[in-house]
*Asks:* 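I am attaching a structure below and will ask some questions about it afterwards.
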Amino acid sequence: MHIQLADVLFGEEGRPIHYEIPVERESVEVGGACFALSEKSPAILDIVRTDGQTVKIEGSCQVSAKIPCGRCLREVETPFKLAISREVDMEKPEEERIQELDGANFITGTKLDVEQLICNELLAQWPMRVLCKEDCKGLCSRCGADLNVSPCDCDRTSLDPRMAAISDIFSRFKEE
Ligand SMILES: [Zn+2]
Ligand SMILES: [Zn+2]
């Protein structure tokens, strides 16, 4: 969904216009992977013109994304509370504006791309790793069993290359 900023730009200075824009995007792409957005509240935005042609965008939006647990891959409903606070000088050329916004181009001409704005905020908050629970036991690296459900009989110590390297060091110490 787009907001036509002409209404703000030609409107009264200092008087915000209130928008409630539904988020239509069904998924978000992060690092080449696609994540479903399960819950989305409308984006609540107040947009105001100040100092001539500066546009201030303040708002909030809540979305939930399904992110696989870093250990067992089970999908975890991860809520995001996005707070939006942006200021754009519309008198500046588009290229300069984009640079100032760290490459985020959610305004083309006088059109504000709400989906893009929300997406930028979401990516900024995206967690490095999500766990379904702090003590998730993960998957067995040999048989793939979910160790949260039941333990398996595999000998996993010999399979982890990092563990193997450590035990190599220890055995070398013993030999010397
Ligand atoms: Zn897990
Ligand atoms: Zn196993």
*Asks:* Decide yes or no on side chain to side chain contact (heavy atoms under 4.5 Å, CB included) for Val8 and Thr110, but give the supporting numbers first.
*Replies:* CA-CA 10 Å; Val8 176; Thr110 55; over 6 Å; no

*Asks:* What are the two closest non-hydrogen atoms of Val23 and Cys61, and how far apart are they?
*Replies:*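 Smallest heavy-atom distance, with atoms named: CG2-SG, 3.8 Å.
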
*Asks:* Measuring from atom CD of Glu94 to atom CD1 of Ile107, what distance do you get when rounded to the nearest 0.5 angstrom?
*Replies:*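 Between atom CD of Glu94 and atom CD1 of Ile107 there are 8.5 Å.
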
*Asks:* How long is the span from the OG1 atom in Thr54 to the CG atom in Asp89, to the nearest 0.5 Å?
*Replies:*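 Here the interatomic distance stands at 4.0 Å.
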
*Asks:* If only atom types and distance count, is the side chain of Glu115 paired as donor or acceptor with the main-chain N or O of Arg25 below 3.5 Å?
*Replies:*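 Confirmed, Glu115 side chain pairs with Arg25 backbone.
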
*Asks:* Check Glu24 with Lys40, please: is the shortest side-chain N to carboxylate O separation under 4.0 Å?
*Replies:*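 Salt bridge flag = no for Glu24 with Lys40.
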
*Asks:* Quick one: OG on Ser60 to CG on Asp46, what's the gap to the nearest 0.5 Å?
*Replies:*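 With rounding to 0.5 Å, OG (Ser60) is 9.0 Å from CG (Asp46).
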
*Asks:* Please tell me whether Leu37 and Val130 are part of a single hydrophobic cluster in this structure, the criterion being side-chain heavy atoms less than 4.5 Å apart.
*Replies:*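 Cluster IDs for Leu37 and Val130 match.
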
*Asks:* Which atom names give the shortest non-hydrogen contact between Cys140 and Cys143, and what distance separates them?
*Replies:*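 Residues Cys140 and Cys143, closest heavy atoms: SG-N, 3.3 Å.
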
*Asks:* Could you tell me which non-hydrogen atom of Val28 sits nearest to which non-hydrogen atom of Cys119, and how far apart they are?
*Replies:*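 Scanning both residues, the minimum pair turns out to be CG2-SG, 3.6 Å.
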
*Asks:* Enter the distance from Ile118:CD1 to Ser41:OG here, rounded to the nearest 0.5 Å.
*Replies:*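 Separation between the atoms: 8.0 Å.
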
*Asks:* Which pairs of donor and acceptor atoms, one on a side chain in residues 65-75, lie under 3.5 Å apart (sequence neighbours left out)?
*Replies:*
residue: Arg71; atom: NH1; partner: Glu134; partner atom: O; Å: 3.2
residue: Arg71; atom: NH1; partner: Cys136; partner atom: O; Å: 2.9
residue: Arg74; atom: NH2; partner: Asp146; partner atom: OD2; Å: 2.8

*Asks:* Count I, L, V, M, F, W, Y as connected when their side-chain heavy atoms are under 4.5 Å apart, and connections chain through other members. Are Leu82 and Met1 then in the same cluster?
*Replies:*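 Cluster IDs for Leu82 and Met1 match.
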
*Asks:* Go through Asp113 and Thr108 one step at a time and tell me if the side chain to side chain contact (heavy atoms under 4.5 Å, CB included) criterion holds.
*Replies:* CA-CA 8 Å; Asp113 186 336; Thr108 315; 5.9 Å; no

*Asks:* Taking C-beta and beyond as the side chain, do Leu5 and Val88 meet within less than 4.5 Å on heavy atoms?
*Replies:*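 Sidechains of Val88 and Leu5: no contact.
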
*Asks:* Take a 6.0 Å sphere around NZ of Lys133 and say whether it holds more than 12 heavy atoms from other residues, nucleotides or ligands.
*Replies:*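 Yes - once you tally the heavy atoms of other residues, nucleotides and ligands closer than 6.0 Å, there are more than 12.
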
*Asks:* Assigning hydrophobic clusters by single linkage (Ile, Leu, Val, Met, Phe, Trp, Tyr; side-chain heavy-atom cutoff under 4.5 Å), is Ile3 placed with Ile44?
*Replies:*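 No; tracing contacts between hydrophobic side chains, which count when under 4.5 Å, never links both residues.
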
*Asks:* Can you confirm whether Lys56 is buried at NZ, in the sense that more than 12 heavy atoms of other residues, nucleotides or ligands lie under 6.0 Å from that atom?
*Replies:*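 At most 12 heavy atoms, drawn from other residues, nucleotides or ligands, come within 6.0 Å of this atom.
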
*Asks:* Got a salt bridge between Glu100 and Arg97, using NZ or NE/NH1/NH2 to carboxylate O under 4.0 Å?
*Replies:*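 The answer is no: the pair does not qualify as a salt bridge.
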
*Asks:* Nearest 0.5 Å, please: how far is NE2 in His18 from CD in Glu58?
*Replies:*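 It comes to 13.0 Å.
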
*Asks:* Does one hydrophobic cluster hold both Phe106 and Ile17, with members joined at side-chain heavy-atom distances below 4.5 Å?
*Replies:*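 Per the 4.5 Å side-chain linkage, Phe106 and Ile17 are co-clustered.
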
*Asks:* Is there a donor-acceptor pair under 3.5 Å between the side chain of Glu26 and the backbone N or O of Ala36?
*Replies:*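 No, the answer is negative, given that no donor and acceptor are paired below the 3.5 Å cut-off.
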
*Asks:* Taking it one step at a time, do Leu112 and Val55 satisfy side chain to side chain contact (heavy atoms under 4.5 Å, CB included)?
*Replies:* CA-CA 11 Å; Leu112 168 67; Val55 168; over 6 Å; no

*Asks:* Check whether Ser64 reaches the backbone of Glu39 with its side chain - one donor and one acceptor, N or O, closer than 3.5 Å.
*Replies:*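 A pair under 3.5 Å: no.
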
*Asks:* Identify the two heavy atoms, one from Ala43 and one from Val114, that lie closest to each other, and give their separation to 0.1 Å.
*Replies:*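 Scanning both residues, the minimum pair turns out to be CB-CG1, 4.0 Å.
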
*Asks:* Say you draw a straight line from NZ of Lys92 to CD1 of Ile98; how long is it, rounded to the nearest 0.5 Å?
*Replies:*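 The CD1 atom of Ile98 is 13.0 Å from NZ of Lys92, to the nearest 0.5 Å.
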
*Asks:* Please find the pair of heavy atoms, one from Gly109 and one from Met90, that lie closest to each other, and give the distance.
*Replies:*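 The answer is O-CE, 3.5 Å.
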
*Asks:* Assign the ring pair Phe80 / Trp126 to parallel, tilted or perpendicular, where the plane angle (0 to 90°) is split at 30° and 60°.
*Replies:*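 The rings of Phe80 and Trp126 lie parallel, inter-plane angle below 30°.
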
*Asks:* Tell me the closest heavy-atom pair linking Leu117 and Arg86, and the distance in Å.
*Replies:*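 Result for this residue pair: CD1-CG, 4.2 Å.
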
